[in-house]
Protein chains: 2
Amino acid sequence: MNNGISLKELAAELNLAPSTVSRALNDSYEISEATKKKVISMAEKLNYQPNPFARSLRENKSKTIAVIIPERINYFFSQVIDGIEEITSEHGYHLLVYSTHEDVEKEKKILSLLQNGRADAIVMSVSSQTSDVSHLKRLHDRGLPILFFDRICSEIPTTKFITNDYESAFEGTKHLIQQGCKKIAFLMLSKELSITKERHRGYVDALKMAGMEPEPAFSLHCCHSDEDNTQLIRELLLSSNRPDGILSSVEKLALATYQAVKKTNLSIPDDLKIISFSNMSIAGLLNPSLTTITQPAETIGEECAKLLIKKLTKPRQPDLLNQVITIPSKITIRESTLVR
Amino acid sequence: MNNGISLKELAAELNLAPSTVSRALNDSYEISEATKKKVISMAEKLNYQPNPFARSLRENKSKTIAVIIPERINYFFSQVIDGIEEITSEHGYHLLVYSTHEDVEKEKKILSLLQNGRADAIVMSVSSQTSDVSHLKRLHDRGLPILFFDRICSEIPTTKFITNDYESAFEGTKHLIQQGCKKIAFLMLSKELSITKERHRGYVDALKMAGMEPEPAFSLHCCHSDEDNTQLIRELLLSSNRPDGILSSVEKLALATYQAVKKTNLSIPDDLKIISFSNMSIAGLLNPSLTTITQPAETIGEECAKLLIKKLTKPRQPDLLNQVITIPSKITIRESTLVR
DNA sequence: TTGTAAGCGTTATCAT
DNA sequence: ATGATAACGCTTACAA
């Protein structure tokens, strides 16, 4: 396609040297106001657009940020990306978005594509299969700024944004106990995930505080397939020693639970109460409406982006601090944990 | 950050000229098998990664496709992007994803950022505010391949992928009539949208076929705000001449209807039946479960990508044909249109 | 204040 | 079969 005119052509049109035009467009102090004006108006007239690749090559910056998420069909991640884009677009950054589909091999492939400077930084949430982190470490060691959110990677010394996973899970479990649950199960995607660990700790501690012993069989390890998860949960619900409460550490497992319950003669909340981490706007429209722990997704995205922009645009910024920044979630109680 | 070694450095390591190394890596016929092997193994050993910007600058190709959607928190668009990525990633293409948030000014800004070759092609669905299409035309005239899906732009002579909007809306409306609805309303985002026009035609024709006259007040023109839409729909439902059936041309308006109904003493499906275009996997978990017209989102994405890849990778391809390709939707009947 | 020239990392053309 | 060189479009020393 026709990319329009180049700086050189624009300069020829103005009878100026390319360097002068470049400086004028970049508002250099060494160019007179008069020529600046001339240059800018001609640039507009001819609709001059700088070639991003020439610039990137020269400056060794891409003005692009890579966002890597485990799945795209997910309210939480969509909201986070909206938050990121909100900030980065104002600063002229572009977003390359990749989904790993919870597949660590895809994750590795994507990271290897980002070794060559195509993106100036990475914002990511790891896949549920990620336990070996050498592919992440490699890029971080090279000096590529990486920032984690939600599903973080503690081995990489960088900044991570999470919600108060431990407390939320603790409070959620406590709520189930207060609503009369005696046998509470915990649904998780993968034991490796940071969010699983933290949320599970909160769950266990809340049980213990109430004098209840966490049963190993009640910590259900699910997978990526909705059908399989529904089946797994259904089996749990049909077992002789079935739970009467569920804390779901991710949204999709709550939905799988709803599907599973439909295939039994149990009912929510009478036979089973459930609370779940979820960012669905329509949790209130489910049957029954779902009690949720909602993460501040958009804020998380914005905060990631703000920090990154600071790091990328201010000269000689220090490395991203090895710290975890926590933004609290919000519990909304609905019918799925109701006593009646 | 450290981008690794360059072709020149790799060449020096091998005591070869950069051009030779380049040719070896690009599997040129003029290079001996022996040197090819040497080069490739050394490139692997030193983890050589070609600089994408140097390559883009030289070849005038970005290996990048821009995807522009009106909103990110949307099952349909997320699925379409999954479909696109599925195909394009196999061919080494990267995806820049932009959301317009239904704002035509943002849309214009994004398109102007794409004037300079940053992406080799655009796949998009226009915002609900888009009626003047000069910003799209400008890029198309420059020769940038643009492909539309769902919310298409008939003024631009290129390939468009849609679902059978007219027929689906016709069948959906017919279904409502068969379920006993006498006064059927149509919910839409914007009159300008291609999908609105087609779906509305289907709605009107189904009414007429049943000998019913479409009431103007029953074609409800909604906006981007969920709260405002809920209020608008609530007013319609509380009016003296209220509808007993609704065809919602987009998912979010069906959800707004559910919210609106909650604020009345009406009930679905007894007082009001509703069918909606929707790609929610959990339509069956709503209260009541929602009768849907589901678009083949992932397939649409895949087909867009396949066509684009063909256009971009085969040399001297003709322009994208000015045609509309239709992939049918699927109606799933659930409780929201039940007679009881 | 403006111009000249080098260089970013590739690939293609033209030698050898 | 391989090497030297120019060019893609931009920015930045260095000159003037």
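Residue numbers start from 1 in every chain, and the chains themselves are labelled A, B, ... in the order their sequence lines are given, proteins ahead of strands.
Screening residues 87-126 of chain B for ring-ring contact (aromatic ring centres under 6.0 Å, His included) gives A/H94-B/Y98, A/Y98-B/H94 as the qualifying pairs, with residues at least two apart or on separate chains. Sorted by first then second residue, the salt bridge (Lys or Arg N to Asp or Glu O under 4.0 Å) pairs that include residues 138-154 of chain A, not counting sequence neighbours, are A/E102-A/R151, A/K137-A/D141, A/D150-A/R199.
Here C/dT1 presents its C1' atom at 15 Å from CG of A/D27, a figure rounded to the nearest Å. Spacing between atom CG of A/N60 and atom P of C/dT10 amounts to 11 Å, rounded to whole angstrom units.
Aromatic ring pairs are classed by plane angle as parallel below 30°, tilted from 30° to 60° and perpendicular above 60°; the pair A/F76 and A/F149 is tilted.
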What donor-acceptor contacts under 3.5 angstrom involve side-chain atoms of residues 306-325 of chain B, with partners at least two apart or in another chain?
residue	atom	partner	partner atom	Å
B/K311	NZ	B/P318	O	3.2
B/T313	OG1	B/I309	O	2.6
B/N322	OD1	B/K160	NZ	3.1

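Within 4.0 Å (heavy atoms only), A/T35 reaches sugar-phosphate atoms of the nucleic acid but no base atom.
A salt bridge links A/R72 to B/D82: at least one charged side-chain nitrogen sits closer than 4.0 Å to a carboxylate oxygen. Classification of A/K36 and A/D27 as a salt-bridged pair holds, one side-chain N sitting under 4.0 Å from a carboxylate O.
At distances below 3.5 Å, not a single donor-acceptor pair connects side-chain atoms of B/S131 with backbone N or O atoms of B/E192. At distances below 3.5 Å, not a single donor-acceptor pair connects side-chain atoms of B/E298 with backbone N or O atoms of B/G83. When atom types are taken as modelled, the side chain of A/Q79 and the backbone of A/A297 share no donor-acceptor pair closer than 3.5 angstrom. Not one N or O on the side chain of A/S28 forms a donor-acceptor pair closer than 3.5 Å with the backbone of A/A24.
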Below 3.5 Å between N/O atoms, which protein atoms pair up with nucleotides 8-10 of chain D? Just atom names and distances, please.
residue	atom	partner	partner atom	Å
D/dG9	N2	A/A54	O	3.3
D/dC10	OP1	A/Y48	OH	2.6
D/dC10	OP1	A/N51	N	3.1
D/dC10	OP2	A/L7	N	2.3

List every contact pair, protein side and nucleotides 13-16 of chain C side both N or O, where the distance is under 3.5 Å.
residue	atom	partner	partner atom	Å
C/dT13	O4	B/R23	NH1	3.2

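Within residues 114-122 of chain B, no residue approaches DNA chain D, by heavy-atom distance under 4.0 Å.
For C/dT1, the OP1/OP2 oxygens have no side-chain nitrogen or oxygen of A/T20 closer than 4.0 Å.
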